[in-house]
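Report on one structure; see the data block that follows.
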Amino acid sequence: MATSATPPSLSFFSSSVFLTSSNQTPKLSSSIFRPNSVKTPAVKPLSLTSQLATLPVLSFTGEKISETQLELKSAPPETARAVVHRAIITDLQNKRRGTASTLTRGEVRGGGRKPYPQKKTGRARQGSIRTPLRPGGGVVFGPKPRDWSIKINRKEKRLAISTAIASAAINTIVVEDFGERFEKPRTKEFIEALKRWGIDPKEKSMFLMTEIPDNVRLSSRNIGTLKMLTPRTLNLFDILNADKVVLTPAAVDYLNERYGVDGYEGETEDEYEEEEGEEIEGTEAGENSDAKE
């Protein structure tokens, strides 16, 4: 009985970028004992690879008109999972406000007087009615305001994003600029366009555009499974969470320039700080409602 093949998933846990070859076998060290006098070799720098993907370019009517190439820098397979995992944990943890707070027995109201005498009552001795053992008492080891933010290197975060986009190339399409096609906001027309591009409106999709016209933004904001992002709001979580990724030709040029092999050349430290500030502002604008305590 023939079985139909399941479509590939965009999750980075099943992507080929994050999996090593099955033919590779771990190499065992020939010498187990290593005296202290023998110096260990210096650690080699992280080697980077270039992932070249050919993406179809579709028209607004859903017809294939040409092809384009997406060449991004990605981490080697043996370290790709760790790089992406570290970056996503950093993003999720930095969203936490850390404002949760409880009262200890010294901060809760009341309990200054001894409830009953120490002896001659037959009961257990109590010094306060606000002890943690009683209802209404203080909390032991409860949460207090704290800073959950952790640091990640800029190049490491950029490498994680480029690696995730490279792994999503199998489920990525390029659509010609369609901003002028929507003369007025209409969600029904946007859903019909998704179907022409082979995208199920019920599955999660992410659009990356350099500029989002108002009619496009208003036409797509009522679709709960769709995310409209710009280079300023591009983040790792939405890339990994999407089932389909849709790019525009201008977005492809931006990704090749920003996350390509030569993306780090010719940049100064001031440019790094400016880009980092823009990314933080873009993510904070849409994450205040989703912040955790």
Item to complete: Would you check, one step at a time, whether the test side chain to side chain contact (heavy atoms under 4.5 Å, CB included) holds for Leu236 with Lys157?
Response: CA-CA 9 Å; Leu236 184 60; Lys157 182 177 180 179; over 6 Å; no
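- When every heavy atom of Thr163 is checked against every heavy atom of Ala80, the shortest pair comes out as CG2-CB, 4.1 Å.
- Comment: Arg186 does not engage Glu183 in a salt bridge, judged by the lack of any side-chain N to carboxylate O separation of less than 4.0 angstrom.
- Here the shortest heavy-atom pairing between Ile199 and Ser205 reads CG2-CB, 4.2 Å.
- Atom CD of Glu71 sits about 5.0 Å away from atom CG of Leu52, to the nearest 0.5 Å.
- Within 6.0 Å of atom CZ in Arg134, more than 12 heavy atoms from other residues, nucleotides or ligands are found, so the atom counts as buried in its surroundings.
- Side-chain contact between Arg258 and Arg158 is present, with at least one heavy-atom pair separated by less than 4.5 Å.
- Taking 4.5 Å as the limit, every side-chain heavy atom of Thr68 sits out of range of all side-chain heavy atoms of Asn256.
- Listed here is the closest heavy atom pair of Gly179 and Pro213: CA-CG, 3.7 Å.
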Item to complete: Could you go through the side chain to side chain contact (heavy atoms under 4.5 Å, CB included) check for Val57 and Val252 one step at a time?
Response: CA-CA 11 Å; Val57 180; Val252 174; over 6 Å; no
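- The distance from the CD atom of Glu67 to the CG atom of Leu58 is 10.5 Å, given to the nearest 0.5 Å.
- Sorted by first and then second residue, the pairs that involve residues 166-219 and meet ring-ring contact (aromatic ring centres under 6.0 Å, His included), not counting sequence neighbours, are Phe60-Phe182, Phe178-Trp197, Phe182-Phe190, Phe190-Phe207.
- Residues Lys155 and Leu159 are not in side-chain contact: their nearest non-hydrogen atoms beyond the backbone lie 4.5 Å or more apart.
- Residues Leu55 and Val175 do not share a hydrophobic cluster, defined by chaining ILVMFWY side chains whose heavy atoms lie under 4.5 Å apart.
- The minimum heavy-atom distance linking Ala242 with Met206 is given by the pair CB-CB, 3.8 Å.
- Here the side chains of Ile239 and Ile165 are in contact, with some heavy-atom distance below 4.5 Å.
- A distance of 6.0 Å separates OG1 in Thr172 from CG in Leu247, rounded to the nearest 0.5 Å.
- Heavy atoms of other residues, nucleotides or ligands lying less than 6.0 angstrom from NZ of Lys114 number more than 12.
- By the 6.0 Å contact criterion, CD on Glu192 is enclosed, its count of non-hydrogen atoms from other residues, nucleotides or ligands being greater than 12.
- Residues Pro201 and Thr225 form no side-chain contact, since every pair of their non-hydrogen atoms from C-beta on lies 4.5 Å or further apart.
- With sequence neighbours excluded, the residues that form a salt bridge (Lys or Arg N to Asp or Glu O under 4.0 Å) with Asp214 are Arg217.
- Note on residues 223-257: no pairs pass ring-ring contact (aromatic ring centres under 6.0 Å, His included), not counting sequence neighbours.
- Judged by distance alone, with hydrogens and angles left aside, the side-chain atoms of Asn94 form a donor-acceptor pair with the main-chain N or O of Ile150 at under 3.5 Å.
- The two atoms that bring Ala251 and Thr210 nearest to each other are N-CG2, 4.0 Å, heavy atoms only.
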Practice prompt. Evaluate the side chain to side chain contact (heavy atoms under 4.5 Å, CB included) criterion for residues Leu208 and Val245: first the C-alpha distance (whole Å), next the side-chain angles of each, then the deciding distance (0.1 Å), finally the verdict.
Written response: CA-CA 8 Å; Leu208 179 60; Val245 177; 5.7 Å; no
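- Under a 3.5 Å cut-off, the side chain of Lys144 and the backbone N or O of Thr102 do form a donor-acceptor pair.
- Heavy atoms only, all atoms of each residue included: Ser128 and Pro115 are closest at N-CD, 3.8 Å.
- Annotation: the span from Lys95 atom NZ to Thr90 atom OG1 amounts to 12.0 Å, rounded to 0.5 Å.
- Between the side chain of Thr233 and the backbone N or O of Leu229 there is no donor-acceptor pair closer than 3.5 Å.
- Within a 6.0 Å sphere centred on CD of Gln118, other residues, nucleotides and ligands contribute more than 12 heavy atoms.
- In this structure, Pro145 and Thr99 have side chains that are not in contact, with every pair of non-hydrogen atoms separated by 4.5 Å or more.
- Under a 3.5 Å cut-off, the side chain of Thr248 and the backbone N or O of Met209 do not form any donor-acceptor pair.
- Looking at Thr104, its side chain never comes within 3.5 Å of a backbone N or O of Gly138 through a donor-acceptor pair.
- The structure places CZ of Arg86 at 13.0 Å from OG1 of Thr79, a figure rounded to the nearest 0.5 Å.
- Remark: side-chain polar atoms of Thr187 are paired, donor with acceptor, to backbone N or O of Ser219 under 3.5 angstrom.
- You'll find the side chain of Thr131 reaches within 4.5 Å of the side chain of Arg105, heavy atoms only.
- The structure places CD1 of Ile88 at 7.5 Å from CG of Asn235, a figure rounded to the nearest 0.5 Å.
- Follow the hydrophobic side-chain contacts under 4.5 Å out from Leu226 and you reach Val246 in the same cluster.
- Follow the hydrophobic side-chain contacts under 4.5 Å out from Val84 and you reach Ile161 in the same cluster.
- Both Ile173 and Met228 are part of a single hydrophobic cluster, where members link through side-chain heavy atoms under 4.5 Å apart.
- Neither Leu133 nor Val139 shares a network with the other; the hydrophobic side chains, linked directly or stepwise wherever heavy atoms of I, L, V, M, F, W or Y lie under 4.5 Å apart, form separate groups for each.
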Worksheet item: Does the pair Glu176 and Arg181 meet the rule for a side chain to side chain contact (heavy atoms under 4.5 Å, CB included), with working shown?
Response: CA-CA 11 Å; Glu176 63 176 0; Arg181 298 299 184 98; 3.6 Å; yes
